[in-house]
Amino acid sequence: MLLCSIFQTRLFSEIELTKVPMSAKKVIILGASGNVAKHVIDILTKEDHIQLTLFLRSAKRLKNKDISKARIIEGDVLNYNLLKEAIKGQDIVYANLAGELEAMAKNIVKAMGEMGVKKIIFITSIGIYDVPLSSLLRRYRYAADVIEASNLEYTILRPTWFTNVNEIDYETTRKGEPEKGSVISQKSLATLITKIIESPEKYVRENLGVNKPN
Ligand SMILES: NC(=O)c1ccc[n+]([C@@H]2O[C@H](COP(=O)([O-])OP(=O)(O)OC[C@H]3O[C@@H](n4cnc5c(N)ncnc54)[C@H](OP(=O)(O)O)[C@@H]3O)[C@@H](O)[C@H]2O)c1
């Protein structure tokens with residue numbers, strides 16, 4: 001594990017860099033200590049062509065066993081300058097965040113715009129287009145509105161409620177279609193996220209509900 005402050009990114013040593021192919025896709029996970037992020041990290045750390053940066057408030061909260069090839073940045077997404085430096089040079093930003101989502105989305109959109117990074121995957125929630133909108137879901141909806149209003153090549157995900165079941169079984173619905181189902185395994189959602197990371201061009205400016213079929 002390489003723990004870097006943003007001003008010490010050269011700690012991401014030449015030895016580590018030689019392990020990663022020149023053509024590696026650079027992916028940063030914001031909120032890398034989150035539950036779904038854990039599954040995504042487990043999948044992506046097995047891929048040699050992915051250069052992973054884990055951005056999180058405390059590296060101690062990482063739950064993954066093998067993060068030896070990942071670069072780690074401790075930071076808060078609400079700290080704009082830190083976020084901007086972390087996003088610099090990335091190919092894909094995957095936001096696995098909770099809390100002040102609208103403010104975070106604004107920071108992320110601004111930082112990506114300034115750094116010329118186009119692709120973002122942003123997790124929100126089922127129900128954000130319901131009328132009336134549940135007060136619990138407002139922050140997710142407002143964040144989705146911020147992302148949609150940007151010029152980014154976004155994929156917004158609206159998962160149903162999570163389970164810890166060890167299965168991969170999911171379907172997606174498009175924005176405007178009725179959302180289906182009531183649960184989704186974290187592993188399924190993580191699998192979809194890694195598919196988007198593998199083929200981002202297939203999911204440009206998409207806003208997808210995600211659920212377990214039936
Ligand atoms: N649970 C469900 O059934 C369900 C259903 C639909 C959607 N969702 C939503 O899906 C998203 C992903 O879920 P999850 O279970 O993976 O979430 P999670 O475990 O709660 O992870 C969210 C992450 O956001 C990080 N975070 C919060 N504020 C931050 C900040 N200012 N700067 C940097 N990081 C910050 C947290 O880091 P710390 O470790 O530092 O706190 C945490 O790791 C969440 O928004 C969740 O609400 C959940």
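Keep in mind the model is a prediction, meaning the values are calculated, not measured. All ligand and atom numbering here is 1-based and tracks the order in the structure.
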Student: Which residue and non-hydrogen atom of the protein lie closest to atom 45 (O) of ligand 1, and at what distance in Å?
Tutor: L97 O, 2.6 Å
Student: N/O to N/O below 3.5 Å, does that happen between V36 and ligand 1?
Tutor: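 Looking only at distances, the answer is yes, because the N/O contact criterion of under 3.5 Å is met.
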Student: Quick test: of every protein heavy atom, which one is nearest to atom 10 (O) of ligand 1, and how far off is it to 0.1 Å?
Tutor: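 Answer, as residue, atom name and distance: I123 CG2, 3.3 Å.
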Student: Looking only at atom types and distance, does a side-chain atom of N96 sit under 3.5 Å from a main-chain N or O of L30, one as donor and one as acceptor?
Tutor: no
Student: Is E153 reaching over with its side chain to a backbone N or O of K118, donor-acceptor style, under 3.5 angstrom?
Tutor: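 No, because the side chain of E153 does not come within donor-acceptor range (under 3.5 Å) of the backbone of K118.
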Student: Please state whether I126 comes within less than 4.0 angstrom of ligand 1, counting heavy atoms only.
Tutor: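 It does not; every heavy atom stays at 4.0 Å or beyond.
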Student: Nearest 0.5 Å, please: how far is CG in L133 from OH in Y140?
Tutor: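 Answer for the OH-CG pair, Y140 versus L133, is 12.0 Å.
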Student: Among all protein heavy atoms in this structure, tell me which lies nearest to atom 42 (C) of ligand 1, with the distance rounded to 0.1 Å.
Tutor: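 Result for atom 42 (C) of ligand 1: S33 OG, 3.9 Å.
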Student: Return the residue, atom name and 0.1 Å-rounded distance of the protein heavy atom closest to atom 1 (N) of ligand 1.
Tutor: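 Its nearest protein heavy-atom neighbour is F162 CD1, 3.3 Å.
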Student: Ligand 1 versus E100, non-hydrogen atoms closer than 4.0 Å: side chain, backbone, both, neither?
Tutor: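 Near ligand 1, E100 shows nothing, with every heavy atom at 4.0 Å or more.
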Student: Using heavy-atom distances only, which candidate in R57, K63, R139, M104 approaches atom 33 (C) of ligand 1 most closely?
Tutor: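 Ranked by closest heavy atom to atom 33 (C) of ligand 1, first place is R57.
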Student: Would you mind checking which non-hydrogen protein atom is closest to atom 30 (C) of ligand 1, with the distance to 0.1 Å?
Tutor: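 Looking only at protein heavy atoms, the one closest to atom 30 (C) of ligand 1 is D76 OD1, 3.5 Å.
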Student: Checking the N or O distance criterion of under 3.5 Å, is ligand 1 in contact with T160?
Tutor: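 Between T160 and ligand 1, no N or O pair is found under 3.5 Å apart.
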Student: What part of Y140, side chain from CB on, backbone N/CA/C/O, both or neither, has a heavy atom under 4.0 Å from ligand 1?
Tutor: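 It is the side chain that touches ligand 1; the backbone stays farther off.
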Student: Quick check: does any side chain N or O of R158 sit under 3.5 Å from a backbone N or O of N207, one acting as donor and the other as acceptor?
Tutor: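 Yes; judged by distance alone, with no hydrogens or angles, the pair exists.
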Student: Could you report the tightest heavy-atom contact between I72 and L56, atom names first, then the distance?
Tutor: CG2-CD2, 3.8 Å
Student: Below 4.0 Å from ligand 1: does a non-hydrogen atom of G99 turn up there or not?
Tutor: no
Student: Examine the proximity of ligand 1 to L56 and report which part, side chain or backbone, both or neither, has a heavy atom under 4.0 Å away.
Tutor: neither
Student: Is there at least one pair of N or O atoms, one from R61 and one from ligand 1, spaced under 3.5 Å apart?
Tutor: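 Yes, there is a polar N/O contact under 3.5 Å.
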Student: So does K175 pair up with E148, basic N to acidic O under 4.0 Å?
Tutor: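 Salt bridge: yes.
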Student: Report yes or no: does R174 contribute a side-chain atom to a donor-acceptor pair with the main-chain N or O of L208 at less than 3.5 Å?
Tutor: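 No, R174 side chain to L208 backbone: no donor-acceptor pair under 3.5 Å.
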Student: Ignoring angles and geometry beyond distance, decide whether S58 reaches within less than 3.5 Å of ligand 1 through its nitrogen or oxygen atoms.
Tutor: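 No, no N or O pair falls under 3.5 Å.
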Student: So which of K106, E114, K110 actually passes side-chain hydrogen bond (donor to acceptor under 3.5 Å, both in side chains) with Y80?
Tutor: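 Of K106, E114, K110, side-chain hydrogen bond (donor to acceptor under 3.5 Å, both in side chains) with Y80 is met by E114 alone.
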Student: Purely on distance, is any nitrogen or oxygen of G34 under 3.5 Å from one on ligand 1?
Tutor: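 Looking only at distances, the answer is yes, because the N/O contact criterion of under 3.5 Å is met.
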Student: Which atoms form the tightest heavy-atom contact between P213 and D169, and what is the distance?
Tutor: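 For P213 and D169, the tightest heavy-atom pair comes out as CD-OD1, 3.5 Å.
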Student: So which heavy atom in the protein is nearest atom 7 (C) of ligand 1, and how far is it from that ligand atom?
Tutor: T124 O, 3.2 Å
Student: Specify the protein heavy atom at minimum distance from atom 15 (O) of ligand 1: its residue, its atom name, and the distance to 0.1 Å.
Tutor: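 Atom 15 (O) of ligand 1 sits closest to the protein heavy atom N35 ND2, 3.1 Å.
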Student: Given G127, A103, A98, which has its nearest heavy atom closest to atom 24 (O) of ligand 1?
Tutor: A98
Student: Would T155 and K119 count as a side chain to side chain donor-acceptor pair (under 3.5 Å) if you check the C-alpha gap in whole Å, the side-chain angles of each, and the deciding distance to 0.1 Å?
Tutor: CA-CA 8 Å; T155 310; K119 180 71 202 180; 2.6 Å; yes
Student: Using a plain distance cutoff, I'd like to know if S125 has any nitrogen or oxygen under 3.5 Å from a nitrogen or oxygen of ligand 1.
Tutor: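 S125 vs ligand 1: no N/O contact under 3.5 Å.
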Student: When you measure from atom 17 (O) of ligand 1 to every protein heavy atom, which one gives the shortest distance, and what is it?
Tutor: N96 ND2, 3.9 Å
Student: Heavy-atom distances under 4.0 Å decide this one: backbone, side chain, both or neither, for L30 against ligand 1?
Tutor: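 Looking at L30 and ligand 1, no heavy atom falls under 4.0 Å.
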Student: Is the side chain of S188 donor-acceptor paired with the backbone N or O of E167 at a distance under 3.5 Å, no angle test?
Tutor: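 Checking the backbone N and O of E167 against the side chain of S188, a donor-acceptor pair under 3.5 Å is found.
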Student: With distance as the sole test, does S33 use its side chain to make a donor-acceptor pair with the main-chain N or O of R61 at under 3.5 Å?
Tutor: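 Between the backbone of R61 and the side chain of S33 there is no qualifying donor-acceptor contact (under 3.5 Å).
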Student: Main chain of I147, side chain of D145: is a donor-acceptor contact present, judged purely on distance under 3.5 Å?
Tutor: no
Student: Give the atom numbers and elements of ligand 1 that come within less than 4.0 Å of a heavy atom of P159.
Tutor: 6 (C), 7 (C)
Student: At what distance, to the nearest 0.5 angstrom, does CG of L82 lie from CD1 of I73?
Tutor: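 Going from CG on L82 over to CD1 on I73, the span is 7.0 Å.
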